[in-house]
Amino acid sequence: MKIEARLSRGLRDLFPEEMIPRQRMLDVIRGVYESYGFSPLETPAVEYLDVLSGSAGEEAQQSMFRVTNPEEEALGLRFDLTVPLSRVVSQYGQQIDFPFRRYQVSPVWRADKPAPGRFRQFTQFDIDSVGAPSEIADVEIMAAMCDTLDALQVGRYRVRFSSRKILNLLLSYAGIPEDQGVHVFRVLDKLDKIGLPKVKLELTTGYTDESGAPISGLGLSDRQAAQIETFLGITGETRAEALGKVRELFASVEGATAELDEIQTISDHLEALGYGSDRVMLDVSIARGLAYYTGPVFEANLLDAPEFGSVFAGGRYDNLVTRFGGQPIPATGASIGVDRLLAALVHLKRVSQPKTTAQVLVTAMDGSLMSEYLAIAFELRRAGVRTEIHVGRPKKLGKQLQRADRLQIPYVVIMGGDEAARGVVTLKQMEVGREESETVQSHEEWKAARFGQQEVPRTELAATLRRLLGH
RNA sequence: GCCGGCGUAGCUCAGUUGGUUAGAGCGCUUGAUUGUGGAUCAAGAGGUCCGGGGUUCGAAUCCCUGCGCCGGUACCA
């Protein structure tokens, strides 16, 4: 019986044209993280189900992939890297040198409905400082976010930050019970997506959307909704200006001054380090859906591709390890959505997607010269040039050149009996012909022109290629 | 999860009120050109018409059902 070759929904294979820019991207991110002294950690893809779900409860488990082992224990695939980190910190507490500053790049799984740019397996690249109560740790995370986005050359971007503490002040200000906070924050988090009018309706009476689906409201009063609207309306050209308006609004709220002073400190440090309000904004409408955040929260968007949403986000979570029964350990960090960011950069045409890593193709035209072709290829490899030699069935030169063209291999080495006798090879730069083909009409002319070709003494081939490739 | 739309060649799609042997463009392979990519021309390969069941003399076409994809919405620890 024939089995159909196929993948379960939401999963995908990554071909070379996706993997090559992706690996470059991971290298760049790793470089920035290591420049801050973060160190690598790896944990298994599979964890005990109760470790993963913890206090999150049943609803957390519906989008989790479940797994069983031969002992029939209840296991699941991790859905983020923060929960495994908190497990590690709890499990090895005594042996870890705090602050534990680690990075981790790994796939995670969520059994959500797939959507454009959204898959059931995707890769996160996280940094976190665990055991770091100081707001300096938060400053570093935000600075690292900026440095990473700069290094990736993503174009214009904006990091926005706020704090759960500011949102808690909002609850006091509007007279909303603390236990309703997470629900209110969840609605506020949708502001970018659904807009203010719908947010207000969802906070109060609820509504029926365009498709006829009923959206239940939280039952806040009109007055409370109006207070929240005033709060959400706070903007400023600079962080200082926005912060001033928050101070003004919350002047009568108990404890507001101390909480807001912390934001001030973060902002001052960022300013001193050159992370100005053009890149890092204070935006009090940033809520982040996750319930576990306790302090500053951050979110980065690409200004040229806003439809991709936040590509890099995080915050402070001081209580996460308490679910394992330990003492609270202050922690802060951020996570980059590798797949989403790459999709955005592809969309913006900011990454090239070659189908091969090869820089040179050594063609095999004359079977009697095969050992010479091999010698050339290995000579180039030993000189640090990524080289492919024709290993397919014997083919005409035209077919071999066609492969170089399709795979976007920039250079081709051609050597027939003629060149061999004279101790030279023909080095062809493929891009020249690609440009000239626009104007060439007849095939005879095309062949005769031999675009981008030069003869190079065999002994100088490696040095010439190294120079052309900028080594 | 819920609402709506759509499943025909590798891709994008056409296919008459249900009627012979299911088509087009692009792509692919081969050749024209046995040492030159693009263009052009010629020839060729490629299909369980998403699966299953039903109606009918006859189903890609109509009905039921399962699956998948797309859009919206909910959820997102």
Side-chain angles (χ1 to χ4, degrees), chain A residues 2 4 6-10 49-64 76 78-80 82-83 86 108-116 118 120 122 182-183 185-187 189-190 193-194 198 202 206-216 288-293 309-310 313 317 320 323 361 363-367 369 393-420 425-453:
Chain A
K2 199 170 71 177
E4 188 193 349
R6 66 202 196 284
L7 272 179
S8 153
R9 65 187 312 211
L49 206 56
D50 60 348
V51 165
L52 289 174
S53 49
S55 57
E58 297 307 308
E59 78 277 11
Q61 297 185 15
Q62 70 185 19
S63 63
M64 203 146 66
R78 64 177 165 225
F79 49 78
D80 73 7
T82 309
V83 169
S86 65
V108 301
W109 292 265
R110 296 184 193 180
D112 294 331
K113 187 178 112 176
R118 188 169 159 169
R120 284 182 162 182
F122 56 100
V182 288
H183 302 296
F185 302 158
R186 180 175 51 77
V187 175
D189 198 45
K190 295 197 246 179
K193 199 175 159 195
I194 65 177
K198 284 184 181 173
E202 192 163 345
Y207 64 102
T208 303
D209 72 21
E210 294 84 350
S211 74
I215 311 293
S216 62
R288 306 293 307 149
L290 302 187
Y292 59 62
Y293 288 124
S310 77
Y317 49 99
L320 200 54
R323 51 199 288 232
L361 171 67
T363 55
M365 209 163 50
D366 181 341
L369 293 172
R393 280 194 295 272
K395 278 187 177 157
K396 295 179 189 174
L397 181 62
K399 295 293 176 196
Q400 297 186 43
L401 289 172
Q402 189 177 59
R403 174 179 172 83
D405 195 38
R406 288 182 183 176
L407 297 190
Q408 295 176 46
I409 301 175
Y411 291 96
V412 170
V413 170
I414 302 167
M415 185 179 74
D418 172 45
E419 285 101 331
V425 299
T426 295
L427 179 59
K428 183 178 180 71
Q429 185 181 6
M430 297 298 287
E431 191 192 347
V432 176
R434 201 171 297 138
E435 285 167 4
E436 295 292 334
S437 73
E438 306 280 331
T439 52
V440 174
Q441 298 299 321
S442 79
H443 194 58
E444 285 67 31
E445 184 191 346
W446 166 257
K447 281 202 304 185
R450 306 205 162 178
F451 291 112
Q453 293 186 197

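What's counted below: heavy atoms across the whole structure, side chains too, no hydrogens, waters or symmetry copies. In what follows, every chain begins at residue 1, and chains take the letters A, B, ... in the order their sequences are listed.
- Here B:rC6 sits opposite B:rG68 as a Watson-Crick or G-U wobble pair (both hydrogen-bonding atom distances under 3.5 Å).
- One N or O on the side chain of A:Q400 and one on the backbone of A:K395 form a donor-acceptor pair closer than 3.5 Å.
- For the pair A:Y411/A:K428, no side-chain contact is recorded, criterion being any heavy-atom separation below 4.5 Å from C-beta on.
- For the P atoms, the distance linking B:rU30 with B:rC63 amounts to 45 Å, nearest Å.
- In this structure the side chain of A:L401 reaches within 4.5 angstrom of the side chain of A:M430, judged on heavy atoms.
- The nucleotide B:rG44 finds its pairing partner in B:rC28, both defining distances of the Watson-Crick or G-U wobble pair being shorter than 3.5 Å.
- Checking B:rA39 for Watson-Crick or G-U wobble geometry (two distances, each under 3.5 Å) identifies no partner in any strand.
- In this structure, A:D189 places its CG atom 11 Å from P of B:rC75, rounding to the nearest Å.
- Per the geometry, NZ belonging to A:K190 stands 8 Å off P belonging to B:rC76, to the nearest Å.
- Comparing A:E202 and A:G10 by the nucleotide of RNA chain B whose heavy atom lies nearest to each, the residue mapping closer to the 5' end is A:G10.
- Without hydrogens or angle criteria, A:R120 side chain to A:D112 main chain gives a donor-acceptor distance under 3.5 Å.
- When all heavy atoms of A:A404 and A:V412 are compared, the closest pair comes out as CB-CG2, 3.6 Å.
- Taking the C1' atoms as reference points, B:rC69 lies 26 Å from B:rG54, given to the whole Å.
- Comparing B:rG66 with B:rC26, their P atoms sit 41 Å apart, to the nearest whole Å.
- Among the atoms of the strands shown, none is found under 4.0 Å from any heavy atom of A:K395.
- Checking the phosphate oxygens (OP1, OP2) of B:rC75, no side-chain nitrogen or oxygen of A:R110 falls inside 4.0 Å.
- Rounded to an integer number of Å, the gap from CZ of A:R120 to C1' of B:rC69 is 13 Å.
- One C1' atom belongs to B:rG18, the other to B:rU61, and the distance between them is 6 Å to the nearest Å.
- If you check B:rG23 for Watson-Crick or wobble pairing at under 3.5 angstrom, you find it paired to B:rC13.
- Side-chain contact between A:F122 and A:R110: present, with at least one pair of heavy atoms (C-beta onward) separated by less than 4.5 Å.
- One C1' atom belongs to B:rG25, the other to B:rU21, and the distance between them is 22 Å to the nearest Å.
- Taking the C1' atoms as reference points, B:rC6 lies 23 Å from B:rU17, given to the whole Å.
- A donor-acceptor contact shorter than 3.5 Å links the side chain of A:T363 to the backbone of A:V413.
- To the nearest whole angstrom, the two C1' atoms, one in B:rU48 and one in B:rA42, are 33 Å apart.
- Put simply, the side chain of A:E419 gets close to the backbone of A:G416: a donor and an acceptor are under 3.5 Å apart.
- The partner of B:rU33 is absent, by the rule that a Watson-Crick or G-U pair needs both atom distances under 3.5 Å.
- Pairing for B:rU73 goes to B:rG1, judged as Watson-Crick or G-U wobble with the two contacts each under 3.5 Å.
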Base-contact (B) and sugar-phosphate-only (S) positions in nucleotides 34-42 of chain B, heavy-atom cut-off under 4.0 Å, - elsewhere: -BBBBB---

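- A distance of about 37 Å separates the C1' atoms of B:rU12 and B:rC57, rounded to the whole Å.
- Under the Watson-Crick or G-U wobble criterion, with both distances below 3.5 Å, B:rG18 is left unpaired in every strand shown.
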